[in-house]
Visitor: 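What follows is a single structure, and I will ask about it in a moment.
Side chains are part of it too, since the values below use all heavy atoms of this structure and drop only hydrogens, waters and symmetry mates.
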Amino acid sequence: MSEPTVDALLGALSEAAELGAGRVPEDELEAVRRIVASAAERRALSSEHTVVGFFGATGSGKSSLMNALAGEAIAATHVRRPTTSVPLAAVWNPTGASPLLDWLQVSDRRIMERPFAPGQELSLILLDLPDFDSVALEHRAIAERLAGQVDVLVWVVDPQKYADAVIHRDFIAPLASHAAVTAAVLNQVDRLPEGEVGRVVESLRGLLRRDGLGDVLVLPVSATTGAGVDDLRRVIARFAAERKAASQRLAADIRTVAGRLEAAGVPGKVRAADTQSLERGLAAAANVDAVANAVAGSYRKRAGQVTGWPLTSWILRLAPDPLRRLHLAPGRDARRDAELHRTSLPPMSAAQRAQAGTAVRAYADTAAAGLGDGWSAAIHEHAADALESLPPELDRAVARTDLGARASWWWPLLGAIQWIALTAAVLGGVWLLLPVLLPLWGMVAPVIPQVEGTATWLDGWPVPLALLIGGLVLGVVLGIVAAIIGGAVGAARRSRARRRLRKQVAAVAREVVVLPIEVERERAREFAAAIARAQGSRKRSPGVG
């Protein structure tokens with residue numbers, strides 16, 4: 001599988017920077033912007049030339065090595081240090097090199113006539129640079145700047161300072177990811193006993209491995225005697241001939257800065273139980289149980305008014321309807337009026353707000369588990385915003401819920417029977433009074449008929465008395481039966497209303513709490529995937545359910 005191109009790496013890095021805005025430290029994003037800008041500038045310049053920089057400490061012999069490679073004394077050498085105060089460029093094939101050297105801010109240039117390597121026409125720029133550990137801070141600043149711009153880094157050390165901890169910690173190790181475009185030179189090996197050269201080279205190789213450079217090439221060289229100079233020339237010529245060093249250097253820079261971006265982490269798994277816990281907390285804060293109880297109470301009240309014993313059911317009309325008291329009158333088109341009507345539920349109490357806050361924060365804690373500080377803070381910020389908007393959203397959710405509190409088909413049936421029974425009782429009572437009242441007015445009293453032929457205990461009862469007692473008893477019995485049925489149906493309506501309310505609350509929880517947080521979690525996953533691509537990995541970032 002081919003390596004990702006610089007374009008692909010830059011695209012992934014830019015995507016990561018965009019996704020990480022506000023989530024990772026600004027100084028890290030600024031480093032990304034610098035790399036992207038630097039890469040664009042380098043790619044706009046000569047792709048034919050390979051820029052090789054010699055970096056090292058005071059006295060390492062960079063200038064002498066430069067002269068040995070050039071075959072002439074182009075760089076000043078002296079026992080007095082530091083010798084190199086400004087970068088010096090040796091240029092092979094100067095066509096197109098000037099804009100590149102201008103970008104590198106190297107004004108001291110030597111055009112080389114003699115080929116760098118026999119039989120090869122190479123486009124090459126060698127830079128002799130000020131010392132990294134120069135006592136002049138401006139010299140050190142130049143070296144540090146160019147370390148971030150050259151295509152190939154050649155670390156030049158000498159037997160006296162090759163193990164200097166400062167050189168390795170401050171200069172070599174931070175650029176360890178650039179091993180593909182790095183070489184190390186142990187210069188001045190002529191000062192070592194012949195038997196010690198191999199040991200010192202292995203020691204240096206071990207130090208570089210600890211710096212993170214792996215199996216980077218280490219060459220023993222003497223600029224004075226010429227030992228190893230041809231080997232170094234072949235290594236540099238290979239870099240120049242392949243013309244891949246610039247792209248490799250840019251890829252290494254991109255991977256390095258991508259690795260420094262604050263990790264998004266891997267979002268933890270949000271289980272169904274976590275979402276259900278959030279919904280339960282918000283249902284309690286929305287007074288779902290109180291509304292469901294009001295549905296049952298309203299149903300029982302209205303059923304009693306219609307189906308109860310007419311002589312007493314009127315008393316129920318004096319009691320307020322629990323649903324109307326909440327501005328949730330039965331029979332209203334909740335979906336149509338939800339945005340126009342608000343409930344009269346009492347505002348969330350401190351305890352209810354605390355319950356909602358606990359539920360939302362617990363969900364946010366679970367959703368943020370495994371994420372970096374910036375991403376976790378963003379999720380908790382979404383949770384705080386949700387807590388501000390939840391009270392009116394929950395109220396609207398209750399207002400638009402179809403509570404199923406409408407009348408039942410059996411109400412008018414029992415109501416009609418109640419009125420028939422009451423009418424029979426009234427007729428029977430009046431009939432019984434006629435023999436007493438009519439003679440008082442000089443009228444003939446009617447004969448009271450009796451119940452006969454039923455073969456029951458009713459035989460012999462006066463018909464009016466039977467009507468009176470039967471009507472009264474039937475009304476009371478029907479009232480009791482209606483109350484029992486109303487209670488059972490009211491309980492069923494309460495359960496159904498609770499389910500519907502919780503469904504609406506769950507929708508609010510998803511829209512106001514879950515979705516914004518899940519968008520943030522997905523953004524973190526995309527950021528991690530972009531970082532992985534910017535580092536050259538083709539693996540997908542782990543996801544969560």
Side-chain angles (χ1 to χ4, degrees), residues 291-333 402-498:
V291 175
N293 289 335
V295 170
S298 175
Y299 184 89
R300 290 193 303 268
K301 175 187 181 301
R302 290 179 292 117
Q305 290 174 192
V306 176
T307 64
W309 193 34
L311 295 180
T312 58
S313 62
W314 63 271
I315 299 175
L316 292 175
R317 298 181 184 277
L318 301 178
D321 187 298
L323 277 181
R324 292 184 183 277
R325 194 165 50 188
L326 298 177
H327 285 185
L328 296 169
R332 177 173 60 81
D333 189 339
D402 181 0
L403 298 173
R406 295 174 179 83
S408 294
W409 62 268
W410 56 273
W411 290 7
L413 178 62
L414 286 189
I417 296 174
Q418 281 283 24
W419 282 105
I420 292 172
L422 180 61
T423 301
V426 170
L427 287 175
V430 172
W431 198 348
L432 285 174
L433 291 175
L434 287 178
V436 177
L437 296 176
L438 289 179
L440 295 176
W441 298 331
M443 300 175 68
V444 178
V447 178
I448 301 297
Q450 294 182 343
V451 179
E452 295 178 351
T454 64
T456 65
W457 55 273
L458 286 173
D459 286 347
W461 277 54
V463 172
L465 182 60
L467 287 174
L468 174 62
I469 295 175
L472 293 177
V473 171
L474 180 60
V476 172
V477 170
L478 283 177
I480 294 173
V481 171
I484 293 173
I485 296 174
V489 176
R493 296 285 180 94
R494 176 175 56 230
S495 297
R496 183 171 63 180
R498 184 182 290 112

Visitor: Whether the Arg493 and Ser408 side chains hold a donor-acceptor pair (N or O, under 3.5 Å, no angle test) is what I'd like checked.
Guide: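 Arg493 vs Ser408: donor-acceptor pair found between side chains.
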
Visitor: Of all the heavy-atom pairs spanning Arg300 and Gly487, show the shortest one and how long it is.
Guide: CD-CA, 3.9 Å

Visitor: Taking all atoms of both residues into account, what is the closest heavy-atom pair of Leu467 and Gly428, and its distance?
Guide: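 Nearest heavy atoms, Leu467 then Gly428: CB-CA, 3.9 Å.
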
Visitor: To the nearest 0.5 Å, what is the distance between CH2 (Trp309) and CG (Leu422)?
Guide: 8.0 Å

Visitor: Of all heavy-atom pairs between Pro464 and Ile448, which one has the smallest distance, and what is that distance?
Guide: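 Scanning both residues, the minimum pair turns out to be CD-CG2, 3.6 Å.
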
Visitor: Can any side-chain N or O of Thr307 pair as donor or acceptor with the backbone N or O of Ala303 at less than 3.5 Å?
Guide: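 Present.
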
Visitor: With a 4.5 Å cut-off on side-chain heavy atoms, are Ile417 and Leu478 touching?
Guide: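 Yes. Closest side-chain heavy atoms under 4.5 Å.
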
Visitor: Specify the closest pair of heavy atoms between Val463 and Gln450, including all atoms of both residues, with the distance to one decimal.
Guide: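 For Val463 and Gln450, the tightest heavy-atom pair comes out as CG2-C, 3.8 Å.
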
Visitor: Do Arg406 and Tyr299 have side chains that approach each other closer than 4.5 Å (heavy atoms only, starting at C-beta)?
Guide: no

Visitor: Tell me if a side-chain donor or acceptor on Gln418 pairs with a main-chain N or O of Gly475 at a distance below 3.5 Å.
Guide: yes

Visitor: Do Arg498 and Leu403 have side-chain heavy atoms sitting under 4.5 Å apart?
Guide: no

Visitor: For the CD1 atom of Ile315 and the CD atom of Gln305, what is their distance to the nearest 0.5 Å?
Guide: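 Answer for the CD1-CD pair, Ile315 versus Gln305, is 11.5 Å.
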
Visitor: Which pair of heavy atoms, one from Gly297 and one from Pro322, lies closest together, and at what distance?
Guide: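 Minimum heavy-atom separation between Gly297 and Pro322: C-CG, 4.0 Å.
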
Visitor: What is the minimum heavy-atom distance between Leu432 and Val436, and which atoms define it?
Guide: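 Closest pair (atom of Leu432, atom of Val436, distance): O-CG2, 4.5 Å.
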
